Amino acid sequence: MVVEDGLVSYMIGCAFPFGDVLDLRTMKNCEICGRERGDMNPTNWNRHVKSCRFKTTVTPKLKRNLNNASIKEFFTKKIKLERIGTTNSNDDTENVENSQPSSSILNRIHDQYEQSVSTETLCISTSTQSNLIYENDPAKFHTFINVTPEFTDMIVRKGPCQPTNNNFKFPKNEEHRSFQESWFTKKLNDGTLVNRDWLSYSISTDKMFCFHCQMFGRTKRDNWIINGVSKWKNALHKILVHETSSNHIDASLKFKLRNQVLPILPSLTEKRKFEVLCNRGIVKELIDITLFLGRHSLAFRGHREKWSDSLRGNFKDLVELVSNYSPTMAPYISNLKNKNNKPQWSFISWRRQNELVECISDDIVGIISKSIKDSPFFSVSLDTTFDVSRKEQLSFIVRYIDKKSGNIYERLIAVLETPITTGHELMNVFKETCDLLNLDWKNHLVGQSYDGAANMRGNYNGLQSLIKEINPHAIYVWCWAHRLNLVITDVVSSGVNAMDMFGNLEKLYDLINSSKIRVKYYEQFQKERYKKKQIRRIKRVTTTRWMSFSCALDVVLSTYLAVMDTLEIMRSKDGPGDRKTGFEAGAILDYLRSYRFVWTALTFKKLFDILSPTSSILQSKDLDLMLAVSMIEQNKIKISTLRSDESFEHLSQEVDAFVLEQGDENEEFIQLPTPPLRKKKKMSGELSDDELISNPIQNIKVNTFFSALDIVQRQLSERFSDESIGVLKDLSLLTSKVIFKINQNPNFLPKDSFKFFLEIYGKFVDEKYLCSEYLQFASIFHTLITSEALPNTLHSKCEEIFGSESEPESDDESDEEDNNSKNIKNNSGSLQPIFQIFLNKGLISVFPNVYTMLKIGLTLPVTSASPERAFSKLKIVKNRLRSTMGQERLQGLMRITCEKDITINYENIINAFASKSPHLQKALVL
């Protein structure tokens, strides 16, 4: 039927943008342009309405920003026709008002529309336009940004937009010209028709574009790419000119070659994945080699590193050694050695070694930084020293608690060069380092520990005072190990006998170690006198090395006979030729063979036996402040107990035993000298005369034994009392010893408990609930430490578990306490066992304020020994053969060697290593 065919073509062309179909013969005004029908006949009026509707559909004046939902809804909504009537015999009356459309018409419309949409729409997803549907229109291709290879493949598979007259009518311009379908083909001279697969027509703009140039063109400013060509008068000539241009030919060749290589792209992709996987395996093994050398503080490079050299440095030699057993490394190293077949990637050059060290170092410090943020409280310790190249190096140590395991860690996070070491300059370095690692030192820094230098502990311009001006919670703790060393330094200079003994020990060190033959004599006599003991070396007496006085004295006492034999042979052989050496050897020999030396040496040995273990423990990383306080108090008690007549009598017996064991039958020990009786003039106002001591033993007792003990006791009391003592008293309430007392009687808790702690750290705990939580915890403390007690054997005796009817129950509560209880009582001054109870029993949410107080107490620093340990590593890492090492490499190696217990993440390190250069990115990342 005429009406049916006309309606179908009309609906396909207009895509139903206006909803219901109306009767054209009954319309008096055009619904598009508003023109009146007047005397126009039905044929012309029908043409006018179709033309208006077509122009509105094809060339809309307003651009619509459509998304997936709007387009899908527009094209999939059902077409509702109110009424389509059939024509009568005269074809004059057509009534379409109240009749239903025929199913055949709708089916044809739907099928033809779906076919046209499937050839003219394309779903394009990019990084900037995701999940948007656009028409396959070349006019919009140039607007895409950051075109991905997947997007290009999609467009290439879709091909150019080439509509035909069967499904689209090309509009005419003002000159009544239009695009011709025949332009899609080209007729050769022999009459062969060839499709122009590069020519693409834009339905929305009525222009033609070059599909090949849009995808693979060298320039993006051509009209065939951006604006399009729409002047149809000379269109064919422009097509011929463009398809013979050099730019178009290059783009077409790229397009053709791409289509030819598309079948082998999957195999190339698999090969690429395999190469990347092998390269990542090689880098992983290089990371292990770097960790091995760094953790052992070994050099990486050698003087000569060519493959033809026998020794190429530790790094390259280890790489070659690993390649003998690694199927991944073997082909790579063999290709490196082959000059004609070198691999494309280089992973073992000196620059790559530095980058590996840097990536591993960054991963280590990243793990530390994350642990600190999880804690979140931390404290710092800083110290400076000169390296072998005479540069001032700053060691930056952070102390924190691992919230999962409860372990205390002191980590090295930075080694920085600081030519200026004033308090303000150190403050700038401190802030820059914390900002670089994202450490919130203004809120979560709770303590700081340094040595006694003025630039560190100064009350006005010292680093600790500058930090406390911004963060008053960061209390300063003077290093306890340094304090104890100062106590020992004072006591070894307390009297004449002490000065003579340690002065002679220093002279003995210089005398023996100044000649290799004397050292040989000393070793030989040790082998003869002490056959089953290890060879010892004479130690130097210094004031900077902790407990060096104790070590020097212990070596002389343990190898006393070998020392005497060495001095004898020095005086007899070297004396005639060198009278100075002979005299010095004889003087030291006479002093060592005297009662004055034995009394003084054994006095200080007793003293060092008390202080040396304390000094060693104070240098440990996981020591908490309350345990340090407890140890110092115990030392005070021991020294006070030692200052008695009974202890001196016991010392007298030890002196006699030493003389009897080490003495020689031919020569006797020199007796104690009688002190001179010099009476002092009695001054005005003095009521009594000075007591004169004439007995040598009494003189040793008063002026050496008691004098040394008094000095130590006084120095311990003076040097270990500072402004943090108030906080320490509050923290002492959390020790197991005090908790046991509060458990027995809660009235023992002082009224001003936690006063000083709340003044400093009140923002971290709730003052209202702290005391009540503490009392509740103390009431169940004994139950907590005995709740896991089990018998030693489970199946040997049933009575151990179920009890025996014949035997009464034991009242001894010691059988119920397990090993944890015993350890807690033995370490009654430490906070760490209490903290472990919180973690093991899950009491964090039950007593949150007590838990926070425990965590702050454990975070407070005790000593600055960790920076000193870092300096010991610094002397090994940067020695005289590696004195020109750069600062970044030095910092990375120091982190690796000091924090060797941290488990690194290989994948993160490889990705960070790949980001160092585009070359590595291509080799290690898909």
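Predicted model only: the values in this text are computed from it and were never measured. Below, all heavy atoms of this structure are taken into account, side chains as well, without hydrogens, waters or symmetry copies.
- Side-chain contact, R869 with S866: a donor N or O sits under 3.5 Å from an acceptor N or O.
- When the shell of 6.0 Å around CD of E767 is examined, it contains 12 or fewer heavy atoms from other residues, nucleotides or ligands.
- K431 contributes no side-chain N or O that, together with a main-chain N or O of N428, makes up a donor-acceptor pair within less than 3.5 Å.
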Checking side chain to side chain donor-acceptor pair (under 3.5 Å) for the pair S465/N459: CA distance, chi angles, key distance, verdict?
-> CA-CA 6 Å; S465 62; N459 293 328; over 6 Å; no

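- Ring geometry for Y450 versus Y476: interplanar angle under 30°, hence parallel rather than tilted (30 to 60°).
- Here the rule is ring-ring contact (aromatic ring centres under 6.0 Å, His included) with F847, and of F777, F781, F835 only F777 fits it.
- Remark: T852 OG1 to E773 CD distance equals 8.5 Å, nearest 0.5 Å.
- Within the model, atoms OG of S615 and CZ of F608 stand 10.5 Å from one another, a figure rounded to the nearest 0.5 Å.
- Within a 6.0 Å sphere centred on CD of E888, other residues, nucleotides and ligands contribute 12 heavy atoms or fewer.
- The shortest side-chain heavy-atom distance between L618 and T614 falls under the 4.5 Å cut-off.
- Looking at S732, its side chain does come within 3.5 Å of a backbone N or O of K729 through a donor-acceptor pair.
- In this structure, D387 contributes its side chain and K391 its backbone to a donor-acceptor pair below 3.5 Å.
- Remark: E868 CD to D383 CG distance equals 5.0 Å, nearest 0.5 Å.
- In terms of heavy-atom proximity, I368 sits nearest to R411 at CD1-CB, 3.7 Å.
- Taking CD of E417 as the start and CD of E392 as the end, the distance is 9.5 Å to the nearest 0.5 Å.
- Taking a cutoff of 4.0 Å between a charged side-chain nitrogen and a carboxylate oxygen, D374 and K370 qualify as a salt bridge.
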Side chain to side chain contact (heavy atoms under 4.5 Å, CB included) evaluation trace for Q448 with I467 | CA-CA 9 Å; Q448 45 183 332; I467 292 178; 3.3 Å; yes

Between T863 and V477, is a side chain to side chain contact (heavy atoms under 4.5 Å, CB included) present by the stated rule, with each step listed?
-> CA-CA 8 Å; T863 67; V477 179; over 6 Å; no

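- Side chains of K636 and S717 form a contact here, defined as non-hydrogen atoms less than 4.5 Å apart.
- Checked by atom type and distance alone, the side chain of S620 pairs as donor or acceptor with a backbone atom of I617 at under 3.5 Å.
- Of all the heavy atoms in A481 and Q619, the pair that sits closest is CB-CG, 4.3 Å.
- The minimum heavy-atom distance between T421 and T418, with the atom names listed, is CG2-O, 3.6 Å.
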Could you go step by step and tell me if I372 and L437 meet the side chain to side chain contact (heavy atoms under 4.5 Å, CB included) rule?
-> CA-CA 10 Å; I372 295 174; L437 300 179; over 6 Å; no

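- The backbone N or O of S449 lies less than 3.5 Å from no partner atom in the side chain of S864, so there is not a single donor-acceptor pair.
- Using modelled atom types, one finds no donor on one side chain facing an acceptor on the other under 3.5 Å when comparing S379 with T859.
- Residue K768 places its NZ atom among 12 or fewer non-hydrogen atoms of other residues, nucleotides or ligands, all under 6.0 Å distant.
- By the 4.5 Å heavy-atom criterion applied to side chains, L784 and N840 are not counted as neighbours.
- Few gaps surround NZ on K373; more than 12 heavy atoms of other groups in view lie less than 6.0 Å from it.
- The shortest distance between side-chain heavy atoms of L858 and Q832 falls below 4.5 Å.
- Nearest heavy atom pair, residue P750 against residue S753, reads O-OG, 2.6 Å.
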Chi angles and distances behind the side chain to side chain contact (heavy atoms under 4.5 Å, CB included) call for L758, V765 = CA-CA 8 Å; L758 292 172; V765 296; 3.5 Å; yes

How far apart are the C-alpha atoms of W441 and F430, what are their side-chain angles, what is the distance that settles it, and do they pass the ring pair (Phe, Tyr, Trp, His ring centres under 6.0 Å) test?
-> CA-CA 10 Å; W441 66 276; F430 170 79; 5.2 Å; yes

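- The two residues D730 and F756 have their closest heavy-atom pair at OD2-N, 3.0 Å.
- Side-chain N or O atoms of S371 include one that pairs as donor or acceptor with a backbone N or O of I367 at under 3.5 Å.
- Residue N443 forms a side-chain contact (heavy atoms from CB on, under 4.5 Å) with just one option from V446, L445, D440, and that option is D440.
- Counting heavy atoms from C-beta outward, L874 and V388 have side chains that stay 4.5 Å or more apart.
- Taking the ring centre of Y906 as origin, the terminal cationic atom of K284 falls inside the region bounded by 6.0 Å and 45° from the ring axis.
- Expressed to the nearest 0.5 Å, how far SG of C898 lies from CD of E410 amounts to 12.0 Å.
- When side chains are defined from C-beta on, V846 does not count as touching Q776, because their heavy atoms never get closer than 4.5 Å.
- For the pair L416/Q393, no side-chain contact is recorded, criterion being any heavy-atom separation below 4.5 Å from C-beta on.
- Using a 4.5 Å cut-off on side-chain heavy atoms (C-beta onward), V629 and W480 make contact.
- Considering CG of N743 and OG of S736, their distance stands at 12.0 Å, rounded to 0.5 Å.
- In this structure, H444 and F764 have tilted ring planes: the angle between them lies in the 30° to 60° band.
- The minimum heavy-atom distance linking S297 with R882 is given by the pair O-NH1, 3.8 Å.
- Under the 3.5 Å distance criterion, the side-chain polar atoms of Y761 are matched with a main-chain donor or acceptor of H473.
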May I have the list of side-chain donor-acceptor pairs in residues 353-361 shorter than 3.5 Å, sequence neighbours left out?
unit_1: Q353; atom_1: NE2; unit_2: I348; atom_2: O; d: 3.2
unit_1: N354; atom_1: OD1; unit_2: R889; atom_2: NH1; d: 2.3
unit_1: E355; atom_1: OE1; unit_2: R352; atom_2: NH1; d: 3.0
unit_1: E355; atom_1: OE2; unit_2: R352; atom_2: NH1; d: 3.3
unit_1: E358; atom_1: OE2; unit_2: K916; atom_2: NZ; d: 3.3
unit_1: S361; atom_1: OG; unit_2: R895; atom_2: NH1; d: 2.9

